[in-house]
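Have a look at the structure below, then the notes.
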Amino acid sequence: MIIVDNALQAREKEGRPIRVALIGAGFMSQGLANHIVHTKPGMRLVGVFNRRVQRAFDLCQYAAVPDVVKPTTQTEVDLAIREGKVVVTDDAYLLARSTEVDVLVDVTGSVEFGARLAFEAFRHKKDVVLLNAEIDATIGPILQIYAEKNGVILSACDGDEPGVQINLYRWVKGLGLTPRVIGNIKGLQDPYRNPTTQKGFAEKWAQNPAMVTSFADGSKISFEQAIVANATGFVVRSRGMSRGLEYKDDVMKIGKIYDVEEIRKLGGIVDYVVGTPLTKVYVLAEHPDPKQQHYLNLYKMGEGPLYSFFVPYHLVHFEVPTAIARVALFRDSVAKPLGGPVVEVCAVAKRDLKSGEVLDDYGMYMTYGEAVNADEMCRNHYLPEGLVEGCMLTRDIPKDSVITYDDVTLPPNRLADQLRAEQYRHFRRETWLEELVGLHA
C-alpha cells in the first residue's frame, strides 16, 4: 500500500506518531523495534512487554533506545510514555490499559495468553496486530467478533506469509482474474523435527528452537495457510495439503501440478510446496475473457488456464509497520476472516504417545500440526495444535495419528478453549465442544 508512506510522513510532521507497544521481546520483536526506532517515521515505540523483563531491557539496548524505564503502576506507565520514555514491563496489561498506546503488536506465539491479552486490549479500545499466526488460526474468527463489538481492529500483519499471500491475492483479483490457488513455499518439510534437531540452526540465528521446529515440522505453515483460507473461503484438498511435495521447476509453470477442474469445483485451495527457487508465495488465477487471455500471453504470462503470480520474498518485521499503519490510519485488516473457520490446524502425534502423558506445546517433541477443512475438524472432534500444551492423554496414540478431544483431558479454565467452543456455536451451531469444555471448567 504505497499511500501508507505518505500518511505516516504526515503524522510525523504533525507530531502525532502511532504509539506502538510490543508484546514479546524475542527475535522478531528486536528487529521490529530497531526498525520502528530508527527508520519508520510516523511511528513511535512506547512499550515492551516480556515475562522475563530483562529481555525487554535487552531489546531496548539492541535497538539503542535512549530512555528506558520500568514503572509499576498504570499512572507511572502513562506518565512515562507522555514524557517520551519507553516503558518495559512484565505486566502486559499495563500496556493494554494505557491511554498512551494506540496499537499492541502480539509477537508471542501463545494462544491462551494472547486471547486474554486481546480481550483486555479490546476493552480498552486498543487495536491489535498479530505476528502470532497460532492464535489467529485457532480462534481468530471469534476474536474478530469481539474486536468488532468493541470498535477496534484485529489484524494479521504484512511481511509474514499470510499477509504477503493475501496482498498478492487482492492484487490479482484487482486485475480482474479469478484466483484458484494460494500457495506458500518451504525450504524444508520433516514432521519429526524437534528442538534437539533444530538446536544448531536456532543458535546460528539467535532464534527459539521450538519456533524453528514449528517451521520445519509443518505446523507453522499449517497455521499460516489456515489464516489465508479463512480470509478467502478457500479450502485444502485433503488434510496436510501437499505434505511436502517438491517442486523445483519454474514457478511460472507451477500450475501444471494442479487439476484445474478439481480446484474449480472446490472454489479455490490453499497449498504449499517445497523447494521452488526464487519464490516465497504464489497465486494461480484464471481469466474468463479470451481477449484478456491474449494480452496475458503477450505479456509473457503463458497460455493459461492458470496464470502464475508470485512474490520472491517475505521480509517479516520490515513490513509489519505497514500493517500497523493500515490498521491505525485506514482501519484496514490485513487478513480478516470472512466468517467462521474454513480451515483449522489439527494435532498429529509426532511419535507413539502413551496414556497419561501430558502434551508439550507445538514445535516441541510430541505433536505436529496439519491444516484440515473445518468440516472434518469439527465432525471428528480433532484437537487443535494451537491448544495441545497441557492436555493429558487418556489413551495411547500411534505415531502420525490425529489426536481428538476424546483422547485427552483438557487443562481447566482456559479462555481459549471457551472461545473455540463459542466459535463453533456462533458460526456452526455446534455445541458439542461447549459441553465438553464445560466438563473441564
For [Y], is there any backbone N or O sitting under 3.5 Å from a side-chain donor or acceptor partner on [X]?
X: T279; Y: P277; answer: yes
X: N230; Y: V343; answer: yes
X: N34; Y: Q30; answer: no
X: H381; Y: T404; answer: no
X: T213; Y: P209; answer: yes
X: E319; Y: V316; answer: no

Worksheet entry | No-hydrogen, no-angle side-chain donor-acceptor test under 3.5 Å, K280 and N184 | yes
Flag the pair [X] and [Y] as a salt bridge only when some basic side-chain nitrogen lies within less than 4.0 angstrom of an acidic carboxylate oxygen.
X: K350; Y: D400; answer: no
X: E262; Y: R180; answer: no
X: D158; Y: R326; answer: yes
X: E261; Y: K265; answer: no
X: D190; Y: R193; answer: yes
X: E134; Y: K220; answer: yes

Worksheet item: Got more than 12 heavy atoms from elsewhere within 6.0 Å of OH, Y258?
Response: yes
Worksheet entry | Greater than 12 external heavy atoms within 6.0 Å of K125's NZ | yes
Ring centroid separation [X] to [Y] under 6.0 Å:
X: Y405; Y: Y382; result: no
X: F49; Y: F113; result: yes
X: H287; Y: Y307; result: no
X: Y282; Y: F309; result: no

Worksheet item: Relative to the ring of Y424, is the ring of W432 parallel (under 30°), tilted (30 to 60°) or perpendicular (over 60°)?
Response: tilted
Worksheet item: Does K256 make a cation-pi contact with Y247, if we ask for NZ or CZ under 6.0 Å from the ring centre and within 45° of the axis?
Response: no
